[in-house]
Amino acid sequence: MRVYLFLPLAAVLLTASACKKDEIDALPKATQSGKNTGGCLVNGEGFVAAESGGSLLSNPTPALSGGFAFDSVYYVSLNGRYQNRRATILLFLRTRVAGTYPLNRTTSYYPQGDPLQIFSHATVTLAGSGGETFVTSAQHTGQVVLTRMDKHADISAGTFEFTAASTFDPRKTITITKGRFDRRQ
């Protein structure tokens, strides 16, 4: 009898671990050469930055955007799809040099606050959410590791992970893991 209970449980566990590995394998490799790639797992689901939209009258939304700004800030947006909706992950850092940067302070978030007065943070926004934004804070933290910040070559690259809470209901969170980006401005 025990063998009969164990076999279905083992099959479920193997299937679940294979799905997670497939999600990770779908992400772009973590590179540092300006390939304009990015991705992560959003609540365990693969998210790959990709260009979207555009028409005869408008340009498409690029997969990655951002860069060096305001003399002391670096930011990068990863644009793609999550659960069949357009989504944007924004990393905003008060630095211009490679290193490890915690996302652990409660602050106004970009672009809502003055970029010269807000602290490093990350946000996630989903199309059709009525303005709901998920933001890192002192309670919902993470980090960004900038592995390359080459202003002369206009290349930036790094990895990231964080948990962010909803601006509408702080009990509602999104967890980002295995994040990476490689951008040429």
Side-chain angles (χ1 to χ4, degrees), residues 20-53 59-82 86-105 107-125 133-138 140-164 174-185:
K20 183 142 184 142
K21 183 175 178 354
D22 290 344
E23 296 287 340
I24 293 171
D25 289 344
L27 299 178
K29 301 289 182 223
T31 57
Q32 299 181 31
S33 56
K35 291 185 175 189
N36 286 323
T37 60
C40 60
L41 297 180
V42 179
N43 292 335
E45 294 181 37
F47 173 91
V48 176
E51 186 176 274
S52 66
N59 291 327
T61 301
L64 300 175
S65 61
F68 302 101
F70 312 112
D71 292 330
S72 62
V73 170
Y74 175 77
Y75 71 101
V76 63
S77 291
L78 290 82
N79 302 295
R81 297 194 70 77
Y82 172 67
R86 282 178 297 130
T88 299
I89 298 169
L90 174 87
L91 308 172
F92 182 95
L93 303 168
R94 297 220 55 87
T95 189
R96 298 180 128 219
V97 297
T100 301
Y101 297 94
L103 307 172
N104 62 0
R105 294 179 77 173
T107 186
S108 297
Y109 58 92
Y110 183 77
Q112 304 299 324
D114 179 348
L116 299 176
Q117 297 180 6
I118 57 181
F119 300 110
S120 296
H121 64 279
T123 63
V124 179
T125 55
T133 301
F134 293 81
V135 184
T136 57
S137 65
H140 300 93
T141 64
Q143 76 173 12
V144 177
V145 178
L146 296 175
T147 55
R148 181 170 182 193
M149 295 294 284
D150 187 337
K151 192 169 181 186
H152 298 293
D154 282 333
I155 294 174
S156 55
T159 61
F160 58 94
E161 60 183 26
F162 61 88
T163 298
I174 286 182
T175 300
I176 305 294
T177 56
K178 307 287 185 196
R180 70 279 315 264
F181 67 92
D182 179 13
R183 181 166 190 272
R184 180 181 302 271
Q185 289 187 194

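- Of the inter-residue distances, the one linking Tyr74 atom OH with Leu93 atom CG reads 8.5 Å to the nearest 0.5 angstrom.
- Distance alone, capped at 3.5 Å, places no donor-acceptor pair between the His152 side chain and the Asp150 backbone.
- Remark: the backbone N or O of Arg94 is paired with a side-chain donor or acceptor of Ser120 at under 3.5 angstrom.
- Within the 4.5 Å cutoff, side-chain heavy atoms of Tyr109 are placed close to those of Thr133.
- Counting heavy atoms from C-beta outward, Ile176 and Glu161 have side chains that stay 4.5 Å or more apart.
- Test Asn36, Ile155, Leu64, Asp154 against Gln185 for side chain to side chain contact (heavy atoms under 4.5 Å, CB included) and you get one pass: Asp154.
- Under the 4.5 Å side-chain criterion, counting only non-hydrogen atoms from C-beta, Val73 is not in contact with Phe68.
- Here the options are Thr177, Ile89, Leu78, the test is side chain to side chain contact (heavy atoms under 4.5 Å, CB included), and the partner is Cys40; only Ile89 passes.
- A donor-acceptor pair is defined here as one N or O able to donate and one able to accept, closer than 3.5 Å; such a pair exists between the side chain of Asp182 and the backbone of Ser33.
- Taking the six-membered ring where the residue is Trp, the centroids of Phe47 and Tyr82 are separated by 6.0 Å or more.
- Nearest approach of Ser77 to Leu90, heavy atoms of both residues: OG-CD1, 3.2 Å.
- Because its NZ or CZ atom is both nearer than 6.0 Å to the ring centre of Phe119 and within 45° of the ring axis, Arg105 counts as a cation-pi partner of that residue.
- With no hydrogens or angles considered, no side-chain donor-acceptor pair links Asn79 and Thr61 at under 3.5 Å.
- Smallest separation of non-hydrogen atoms from Gly39 and Pro28: N-CG, 4.0 Å.
- Using a 4.5 Å heavy-atom threshold, the side chains of Leu146 and Val97 count as separate.
- Nearest heavy atoms, Ala63 versus Ala49: O-CB, 3.5 Å.
- One finds the NZ atom of Lys178 at 9.5 Å from the CG atom of Leu27 (value rounded to the nearest 0.5 Å).
- In this structure, the side chain of Thr159 does not engage the main chain of Gly179 through any donor-acceptor pair within 3.5 Å.
- The 12-atom threshold is exceeded at CZ of Arg148, counting heavy atoms of other residues, nucleotides or ligands nearer than 6.0 Å.
- Each of Val76, Thr95, Leu91 was evaluated against Val144; a single residue qualifies, Leu91, per the side chain to side chain contact (heavy atoms under 4.5 Å, CB included) test.
- The closest side-chain heavy-atom distance from Thr163 to His140 is below 4.5 Å.
- Put simply, the side chain of Thr141 never gets that close to the backbone of Leu103: no donor and acceptor are under 3.5 Å apart.
- With values rounded to the nearest 0.5 angstrom, Ser137 atom OG is found 11.5 Å from His121 atom NE2.
- In plain terms, the two heavy atoms of Ala69 and Tyr75 that are nearest each other are CB-CE2, 3.9 Å.
- The CD1 atom of Ile174 sits 6.0 Å away from atom CG of Asn43, with the distance rounded to the nearest 0.5 Å.
- Within the 4.5 Å cutoff, the side chain of Arg86 has no heavy atoms near those of the Thr88 side chain.
- Under the 3.5 Å distance criterion, the side-chain polar atoms of Arg180 are left unmatched by any main-chain donor or acceptor of Phe160.
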